[in-house]
Novice: 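Take this structure, written in structure tokens, and hold onto it; I'll ask about it next.
Naming convention: chains lettered A, B, ... in sequence-line order (proteins, then strands); numbering from 1 in each chain.
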Protein chains: 2
Amino acid sequence: MRISDLAKRTGCHLETVRYYERIGLLPEPDRSIAGYRQYGETDVDRLHFIVRSRALGFHLDEIKSLLTLASESNLSCREVDALARNHLAQVEAKQRELAALAKELHHMIDTCHKDTRETCTILRGLSSHLAA
Amino acid sequence: MRISDLAKRTGCHLETVRYYERIGLLPEPDRSIAGYRQYGETDVDRLHFIVRSRALGFHLDEIKSLLTLASESNLSCREVDALARNHLAQVEAKQRELAALAKELHHMIDTCHKDTRETCTILRGLSSHLAA
DNA sequence: CTAAAGTCCGTAGCTGCTACGGAGTCAAGC
DNA sequence: GCTTGACTCCGTAGCAGCTACGGACTTTAG
């Protein structure tokens, strides 16, 4: 299978595949005589894993760890669990942040009378340090 | 006031102040004889506005627009309102995304028995394309 | 007067890609 | 056989929004 097939099957951009290889997230594949990269099902699986982990917001270095942990089948998955929990905590922190932010934006927008700039609560809100 | 004072008063990194100047978000300030940047209260206000808008997640080009709109006092703030609403919509989209993500992570973590890698639902979840 | 702290500037680095350009390669049609 | 178009190669540069570095200069405190 060539690079574009791999890309299509995983929903990953072609250039991204090469990028992942460059940073060591994907192994260097075999090459055809002309130098074209040749992939197999193992590569599809691995890239699937990466794409999916990215979709769940894991960073590339976290994914690198996850892949390493996943390959060591004799180990318990406690470290995987820890990584996932840590990531979830970050996601939840981001959620709280966004919630506060949305609330403030809402307040600014709702109290604005769409009048002149002087009375604009949005601009006022952006200037002041006081939370809504 | 010198650059480090401005930075301290606005909670903005010193290098970031220079960066904002470079990209035209802050005006070029007066200079002392030795060439040091000299700032006044207007600069503090403007940078406050920027820092606060960034904290609310606005992009730098959005902030540029907001600053332009804010400076044209004769105009109504309808465009400001539109920008804010558009931004809020993006924040809410991000919220929905994170909620879905958190749910999935939760599920993966909760069903994992912290056993061997083979039965690890987290690794399984990261491999499969099926949502929780 | 000296030493430490502050400032100057341009440039490179960070993450996670994406795009570009010019070359070589492959498959199909005529 | 030859051409055309699609594919692939590689290195490098760009994106946002900073942050850091290095070497020179200036200011300030003791």
Novice: In whole Å, I'd like the distance from the CD1 atom of B/Ile3 to the P atom of D/dT19.
Specialist: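 Computing the B/Ile3:CD1 to D/dT19:P distance gives 13 Å.
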Novice: With a 4.0 Å cutoff (strictly under), does any side-chain N or O of A/Arg31 reach OP1 or OP2 of D/dC10?
Specialist: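 Yes, A/Arg31 has a side-chain N/O under 4.0 Å of OP1/OP2 on D/dC10.
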Novice: Return the value, rounded to whole Å, for the distance between atom OH of B/Tyr39 and atom P of C/dG6.
Specialist: 16 Å
Novice: Would you say A/Arg18 places a side-chain N or O within less than 4.0 Å of OP1 or OP2 belonging to D/dT8?
Specialist: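 For D/dT8, OP1/OP2 do not have a side-chain N/O of A/Arg18 under 4.0 Å.
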Novice: Give each protein N/O atom lying under 3.5 Å from an N/O atom of nucleotides 23-30 of chain D, with the pair distance.
Specialist:
residue, atom, partner, partner atom, Å
D/dT26, O4', B/Tyr36, OH, 3.2

Novice: Ignoring backbone atoms, test whether B/His13 places a side-chain nitrogen or oxygen under 4.0 Å from the OP1 or OP2 oxygen of D/dA20.
Specialist: yes
Novice: Answer yes or no: is there a side-chain heavy-atom contact under 4.5 Å between B/Arg37 and B/Arg31?
Specialist: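 Side-chain contact under 4.5 Å: yes.
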Novice: Give the rounded distance in Å between these two atoms: CZ of A/Arg22 and P of C/dC14.
Specialist: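 That distance rounds to 13 Å.
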Novice: Find out if a path of hydrophobic residues (ILVMFWY) with successive side-chain heavy-atom gaps under 4.5 Å connects B/Tyr39 to B/Tyr36.
Specialist: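 In one cluster with B/Tyr39: B/Tyr36, no.
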Novice: Is the shortest side-chain N/O distance from B/Arg37 to OP1 or OP2 of C/dC8 below 4.0 Å?
Specialist: yes
Novice: Considering only side-chain heavy atoms of A/Ser4, which listed nucleotide, D/dT8, D/dC18, C/dT18, is closest?
Specialist: D/dT8
Novice: Take atom CG in B/Asp61; do more than 12 heavy atoms of anything else shown fall under 6.0 Å from it?
Specialist: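 Buried by this count: over 12 neighbours within 6.0 Å.
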Novice: Here's a test of your reading of the structure: between B/Glu15 and A/Tyr19, which maps to the more 5' nucleotide of DNA chain C?
Specialist: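 Its nearest nucleotide lies further toward 5', so the answer is B/Glu15.
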Novice: Provide, to the nearest angstrom, the distance between the CZ atom belonging to B/Arg54 and the C1' atom belonging to D/dA16.
Specialist: 9 Å
Novice: Are B/Thr16 and D/dG17 close enough that a side-chain N or O sits under 4.0 Å from OP1 or OP2?
Specialist: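 It does not, given that no N or O in the side chain of B/Thr16 lies less than 4.0 Å from OP1 or OP2 of D/dG17.
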Novice: What are the two closest non-hydrogen atoms of B/Leu25 and B/Arg46, and how far apart are they?
Specialist: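 Looking at all heavy atoms of both residues, the shortest contact is O-NE, 3.0 Å.
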Novice: Charged N to carboxylate O under 4.0 angstrom, B/Asp81 versus B/Arg85?
Specialist: yes
Novice: Using atom types as modelled and distance alone, determine if a side-chain donor or acceptor of A/Asp110 lies under 3.5 Å from a backbone N or O of A/His107.
Specialist: no
Novice: In whole angstrom, give the distance that lies between atom CG of B/Leu26 and atom C1' of D/dC18.
Specialist: 14 Å
Novice: Taking only N and O in the side chain of B/His59, is any of them less than 4.0 Å away from OP1 or OP2 of D/dG17?
Specialist: yes
Novice: Tell me what A/Leu14 touches on the nucleic acid: a base, only sugar-phosphate, or nothing, going by heavy atoms under 4.0 Å.
Specialist: sugar-phosphate
Novice: Rounded to whole Å, please give me the gap between CD in B/Glu21 and P in D/dC18.
Specialist: 15 Å
Novice: Measuring only between side-chain heavy atoms, which start at C-beta, is A/Glu21 closer than 4.5 Å to A/Glu28?
Specialist: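 Yes - at least one pair of side-chain heavy atoms lies under 4.5 Å apart.
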Novice: Base, sugar-phosphate or nothing for A/Phe58? Non-hydrogen atoms, less than 4.0 Å.
Specialist: nothing
Novice: Which nucleotide, C/dC17, C/dT7, D/dG17, lies nearest any side-chain atom of A/Tyr20?
Specialist: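 The closest nucleotide is C/dC17.
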Novice: Over how many whole Å does the gap from B/Lys8 atom NZ to C/dT7 atom P extend?
Specialist: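 Roughly 7 Å, once rounded to whole Å.
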Novice: So, A/Arg22 and A/Glu15, do they make that salt bridge, N to O below 4.0 Å?
Specialist: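 The answer is no: the pair does not qualify as a salt bridge.
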